[in-house]
Amino acid sequence: MAESTGETEITAERPRVERYDPAAIESRWQACWEADELYKAVIDRSRPKFYFLTMLPYTSGNLHIGHWYAMAPSDARARFKRMQGYNVMYPIGFDAFGLPAENAAIQRNIHPKTWTYQNIENMRRQLRSMGAMWDWSREAISADPEYYRWTQWFFLKLHEHGLAYKKRSPVDWCPKCNTTLAREQVVGEDRVCERCKTPVIKKDLDQWFFRITSYADELLDFSHLDWPEPVKLLQTNWVGRSEGARVVFHTEGGDPMEIFTTRPDTLWGATFMVLAPEHPLVEKLTTPERSQAVRAYVQQTQRQTDIEREAVDREKTGVFTGGYAINPVNGERIPIWIADYVLMSYGTGAIMAVPAHDQRDFEFARKYGLEVRPVIQPEGMEPLDGGSMTEAVTEYGAMINSGPLTGTPVDQAIERTIAYLEEKGIGERAVNYRLRDWLISRQRYWGAPIPMISCPECGIVPVPEDQLPVELPEDVEWRPTGESPLKLHPTWKNTTCPRCGGPAERETDTMDTFMCSSWYHLRYLSPHYDKGPFDPEEYDYWMPVDTYTGGVEHATMHLIYTRFFHKACRDMGITKGPEPMLQLRNQGQILGPDGQRMSKSRGNVVDPDEQVKTYGADTVRAYLMFGYRWSEGGPWNPDNIHGVVRWLNRVWALVLETAGAEPGPVDEKHVRALQRKLHQTIRQATHDLDNFEFNTVVAALMELTNAMSQARAKGLAGHPAFKEAVQSLLLMMAPLTPHIAEELWSRLGKPYSIHQQPWPEFNPELAAEEEITLVVQVNGKVRDRIRVPADISEEEARARALASQAVQRHMGGAEPRKIIVVRGRLVNIVI
RNA sequence: GCCGAAGUGGCGGAACUGGCAGACGCGCGCGACUCAAAAUCGCGUUCCUUCGGGAGUGUGGGUUCGACUCCCACCUUCGGCACCA
């Protein structure tokens, strides 16, 4: 659609300018910004605050391009908010405790601390090369004693308030990492360690837990949060709330046996009971004749891994205990079985089996010849017969064979049964959660020691606050043995009891590193504060976090822990407000050029250092924003980056070559076109940066650059409108490509720094179109496009459309039945 | 099996609230500059076409004057959960 204007293009001699050389300018500006503390965030109550946070990196040693992808666009948005007048805090730090440090230490015979702090050095250098606006004065490192002193302090607080407790229970153990794991850190169908993908096994151990389940209901409340729906859903499913009733059955011997059910209405259809093999009543219930079979089955279950046991498609197995229970609603005597499809870890570890209406119970009943008794008759279905049914019937209907509730429709029956149970005192309304308490003990060295002491006289005693931190000894043998290396240290664990003064032992396990990262956003407020975990004044000004960005993979780990942590702290009077992070946005993942997840073993890792060396930080930043939908990610494509290289080169040349241009005669039409494009770009860039749509911001700025090239060719280079466009272009580039923007800004003689300038103001009048293309359709098909004034009336639009020759031809003389006019867009003629 | 996200040119991706599908860029083609090449600049680039037009946003249906966009069913890919009583 080349517009032939018939005008002669201006091809005046272009001033010669030096080439754009990112290497020459980037490190200079980085040093300059840092020396001037340009990004230092200081409390300023005259401006609205904005706490912008990206998930802190683990100290693995090398950033990969994925870190850049997560951080550079976030940085751009933080910078944008700052230009909009917010007082922005954008901190950075390191998640520095954890297993990889120990594993690396073992392989290379280097101390985990040395390895970690060397890595931090390198990562600081890499992070600085991005040119982000981090406030390094707020840097926090979770492995520093001045940090973990407060991690331990939080532990003591949780313990003091009954939210941390020690319990012996079967827990997930990774044989490769040689430590226990939280339920969240065991992943996938084959129940493997989240970190090393080794299948976990069960071990019975004394471990510390946090009572996250006390907050289950509150964790389901997202009303204060602007978080992505999928994350909220993941957390909702993870918490797994189900409503129903608890009902107390009794064994024939008189022992109470509690069950949980979501379908109390089917109580009259319970024809047997099933206990988990680990259920404490099993031994007592078992009759002497059944004892051998039961014992064999229990042993067999113990030997099984979780993978074998929890495979869904496996045929159900179980054995009869010989014992009987009494159904409290009808007094019936029903057999008690044990089976491994009932899990000790959910509900009460015991169920009533209603084979007619539950598929699992049905399969079990058919296999072992147990009675199937329907108690619900769905409408329009043949009368159910327990003997001939081929599968459980889960449809709703009217209740049958159910004593006082017979005839009740199921939608009322659940409520009425609960009322009946409560009235008779045999059960009550109850809620169950899938969520388990958070297991935080780790049998490893490189973590924050749990600040507890075990005294033979006084039991478990907390370390007094004034003795924190409990420092990690450096002279340890950190080879993993399955026991904490701290336990094997000759002297460290020996101490005196703070209560009685007698000899006592320290807890030798360390804390899950997710504990450290649950509160790092608080440590950034005042990383060197020593009167508490954070300075309350800083808290009051900065908290809560306004925008948080990171990967969706943390939905059921870090993000649920940190919410729990905040709420627990709120209840202890330490933090305020319902939530720690108000807005969350997830970036996608950058894959290797082969479309596979980047990994050293595949050899497809893209090293940001190399990219920066080849193209410069600004180009890498802009490409990461331009080449992908940020929330999606995708494979690294080494070809597409050339588009960004060319763009920055063109901007460089355009700005410098026109810098000294003198005003000359111009056509006002072209001036208007340039102004219009500029203000349309401001509108779009503002909107898109607010909405994390970085790719279209860059596209819009490229379009503006193209428009400016055309304007220049029309002789506008010396015109004030052109100067304004240059200035605004640089201002809008500043968040995305901070170095080149600053360099060109300074070469134009503008005041340092561009990053302290306000965001360009949008003027809707200048953005408005005077003339638009009116699309004319006949029966919904485009037949013509006509240029009309933007404010054209409906009648006029209709008339102009009907007058079109192309339209006439397609109407073939027919009368229009209906004409739809959409203001400023189209006319559709229906014949 | 259940829950969720995504399917648009050769490629990455645009398209506000239902109103010109393919912005911007990569790649490719042609041209200018050059002894030549690179770089740069200009033009073109969804497919088919009898040059009138026709088809087209994973597939099939529906709603509507009009559907990438809304509804129903299905297919594919990715992610989560998985005997949760």
Side-chain angles (χ1 to χ4, degrees), chain A residues 1-2 9 11 19 187-189 191 228-231 233-234 236-238 240-242 244 259-263 266 274 309-314 316 339-343 345-354 358-361 363-364 432-435 552-553 555-556 588-589 623 626-629 631-632 634-644 646-647 649-650 653 683-684 687 693 695-703 705-706 709 713 772-785 806 809-810 816-831:
Chain A
M1 267 213 275
E9 306 262 303
T11 48
R19 282 180 58 89
V187 297
E189 195 173 345
R191 311 227 346 112
E229 289 303 323
V231 172
L233 197 69
L234 281 169
T236 302
N237 293 340
W238 190 261
R241 180 189 160 101
S242 48
I259 61 111
F260 172 75
T261 176
T262 54
R263 293 293 303 277
T266 61
V274 188
R309 180 163 170 181
E310 293 185 9
V312 188
D313 43 359
R314 190 173 129 255
K316 295 181 184 11
D340 62 7
Y341 79 91
V342 174
L343 309 173
S345 53
Y346 184 80
T348 61
I351 63 160
M352 64 170 187
V354 185
D358 181 289
Q359 186 59 23
R360 294 158 301 180
D361 297 343
E363 285 165 25
F364 194 80
N432 230 305
Y433 302 93
R434 212 190 70 106
L435 185 71
V552 71
E553 67 274 14
T556 57
Q589 214 172 38
Y623 170 58
F626 178 62
Y628 308 83
R629 209 183 309 175
S631 56
E632 298 296 317
W636 175 264
N637 184 332
D639 295 326
N640 284 351
I641 197 167
H642 295 304
V644 175
R646 285 177 198 146
W647 173 53
N649 275 309
R650 271 173 35 231
R683 176 173 55 201
Q684 176 152 19
H687 172 268
E693 288 157 11
N695 53 350
T696 45
V697 179
V698 180
L701 295 180
M702 285 174 168
E703 282 188 60
T705 309
N706 294 344
S709 292
I772 54 155
T773 301
L774 191 68
V775 170
V776 186
Q777 300 180 331
V778 177
N779 284 344
K781 284 192 194 297
V782 179
R783 296 306 181 190
D784 203 1
R785 295 183 171 92
R809 193 168 63 232
H810 282 94
R817 280 200 294 130
K818 198 170 172 188
I819 300 177
I820 289 123
V821 182
V822 181
R823 254 187 73 81
R825 293 204 180 266
L826 62 69
V827 177
N828 187 11
I829 300 162
V830 188
I831 55 169

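Bear in mind the structure is a predicted one, so any value in this text is a computation, not a measurement. Proteins get letters first, then strands, A, B, ... in listed order; numbering begins at 1 in each.
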Next on the checklist: So A:Gly627, base contact, sugar-phosphate only, or nothing? Heavy-atom distance under 4.0 Å.
Outcome noted: sugar-phosphate
Checklist entry - With a 4.0 Å cut-off on heavy atoms, is A:Val822 in touch with a base, just the backbone sugar-phosphate, or nothing at all? => result base
Item to check | Stacked cation flag A:Lys316 on A:Tyr341, 6.0 angstrom / 45 deg | outcome: yes
Checklist entry - When the C1' atoms of B:C72 and B:U46 are considered, how many whole Å apart are they? => result 29 Å
Item to check | A:Thr262 vs A:Ala806, nearer the 5' end of RNA chain B by closest nucleotide | outcome: A:Ala806
Next on the checklist: Under the rule for side chain to side chain donor-acceptor pair (under 3.5 Å), what residues qualify as partners of A:Asn828, not counting sequence neighbours?
Outcome noted: none
Checklist entry - Which of the following nucleotides, B:C41, B:C84, B:C65, is nearest to the side chain of A:Ile820? => result B:C65
Checklist outcome for this item: Nearest-nucleotide check on RNA chain B, A:Asn649 vs A:Tyr623; residue mapping nearer the 5' end is A:Tyr623
Checklist entry - A:Arg817 side chain N/O closer than 4.0 Å to the phosphate oxygens (OP1, OP2) of B:C65? => result no
Next on the checklist: Side-chain N or O of A:Tyr346 versus OP1/OP2 of B:A85: is the shortest distance under 4.0 Å?
Outcome noted: yes
Next on the checklist: With a cut-off of less than 4.0 Å, is there a side-chain N or O of A:Asn695 near OP1 or OP2 of B:A14?
Outcome noted: yes
Checklist entry - Is the glycosidic angle of B:G58 within 90° of 0, making it syn, or outside that range, making it anti? => result anti
Checklist entry - Can you find a side chain N or O atom of A:Arg809 that sits less than 4.0 Å from OP1 or OP2 on B:G53? => result yes
Next on the checklist: For B:A6 and A:Arg629 - does any side-chain N or O of the residue sit under 4.0 Å from the phosphate oxygens OP1/OP2?
Outcome noted: no
Next on the checklist: Between B:U69 and B:G58, how many Å separate the two C1' atoms, rounded to a whole number?
Outcome noted: 16 Å
Next on the checklist: Categorize A:Phe626 for me: base, sugar-phosphate, or nothing, with a 4.0 angstrom heavy-atom threshold over every strand shown.
Outcome noted: base
Checklist entry - Of the nucleotides B:C24, B:C83, B:A85, which one has an atom closest to the side chain of A:Ser242? => result B:A85
Next on the checklist: Counting the atoms with a prime plus P, OP1 and OP2 as sugar-phosphate, which does A:Leu234 contact under 4.0 Å by heavy atoms, base, sugar-phosphate, or nothing?
Outcome noted: sugar-phosphate
Checklist outcome for this item: Ranking B:A5, B:G27, B:C65 by distance to the side chain of A:His642, first place goes to B:G27
Checklist entry - Could you walk me through whether A:Arg241 and A:Asn432 pass the side chain to side chain donor-acceptor pair (under 3.5 Å) check? => result CA-CA 6 Å; A:Arg241 180 189 160 101; A:Asn432 230 305; over 6 Å; no
Checklist entry - Taking atom C1' in both B:C48 and B:C70, what distance in whole Å separates the two? => result 31 Å
Next on the checklist: If the cut-off is 4.0 Å, is A:Arg646 near the phosphate of B:C26, judged by side-chain N/O to OP1 or OP2?
Outcome noted: yes
Checklist entry - NA contact type, A:Trp238, heavy-atom cut-off 4.0 Å: base, sugar-phosphate, or nothing? => result sugar-phosphate
Item to check | hbond_proxy A:Arg683 side chain to B:C16 base (donor-acceptor, 3.5 Å cutoff) | outcome: no
Next on the checklist: I want to verify a distance call: between B:C65, B:C83, B:C3, whose nearest atom is closest to the A:Leu233 side chain?
Outcome noted: B:C3
Checklist outcome for this item: A:Ile641 atom CD1 is separated from B:G25 atom P, nearest whole Å, by 16 Å
Item to check | Side-chain donor/acceptor of A:Asn828 to base of B:C65, under 3.5 Å | outcome: yes
Checklist entry - Does A:Asp361 offer a backbone N or O that forms a donor-acceptor pair with the side chain of A:Asp358 under 3.5 Å? => result yes
Checklist entry - For B:A55, does OP1 or OP2 lie under 4.0 Å from any side-chain N or O of A:Lys781? => result yes
Next on the checklist: Angle between ring planes, A:Trp636 versus A:Tyr623, binned at 30° and 60°: parallel, tilted or perpendicular?
Outcome noted: perpendicular
Checklist entry - Taking OP1 and OP2 of B:G13, is either one under 4.0 Å from a side-chain nitrogen or oxygen of A:Thr696? => result no
Checklist entry - Going by a 90° cut-off around 0, is B:G9 syn or anti? => result syn
Item to check | A:Asn706 side-chain N/O to B:A23 phosphate OP1/OP2 under 4.0 Å | outcome: no
Next on the checklist: Nearest to the A:Ala699 side chain among B:C24, B:A6, B:G27, which nucleotide is it?
Outcome noted: B:C24
Checklist entry - How far, in whole Å, is B:G12 from B:G7 if one measures between their P atoms? => result 12 Å
Item to check | Phosphate-side-chain proximity, A:Arg823 and B:G19, N/O vs OP1/OP2 below 4.0 Å | outcome: no
Checklist entry - To the side chain of A:Asn637, which of B:A85, B:C83, B:C11 is closest? => result B:C11
Checklist entry - Given B:G19, B:A85, B:C83, which nucleotide is nearest the side-chain atoms of A:Leu826? => result B:G19
Checklist entry - When we call it a touch if two heavy atoms are under 4.0 Å apart, what does A:Arg785 touch: a base, just sugar-phosphate, or nothing? => result base
Checklist entry - How is A:Gln777 classified with respect to the nucleic acid when contacts are heavy atoms under 4.0 Å: base, sugar-phosphate, or nothing? => result base
Checklist entry - With pairs taken as Watson-Crick or G-U wobble and both distances under 3.5 angstrom, which stems of at least three consecutive pairs involve RNA chain B? => result B:1-7 with B:75-81, B:10-12 with B:24-26, B:27-32 with B:40-45, B:46-48 with B:53-55, B:58-62 with B:70-74
Next on the checklist: On the nucleotide B:G54, are OP1 or OP2 found under 4.0 Å from the side-chain N or O atoms that A:Arg783 carries?
Outcome noted: yes
Checklist entry - Quick check: does any side chain N or O of A:Asp784 sit under 3.5 Å from a backbone N or O of A:Val775, one acting as donor and the other as acceptor? => result no
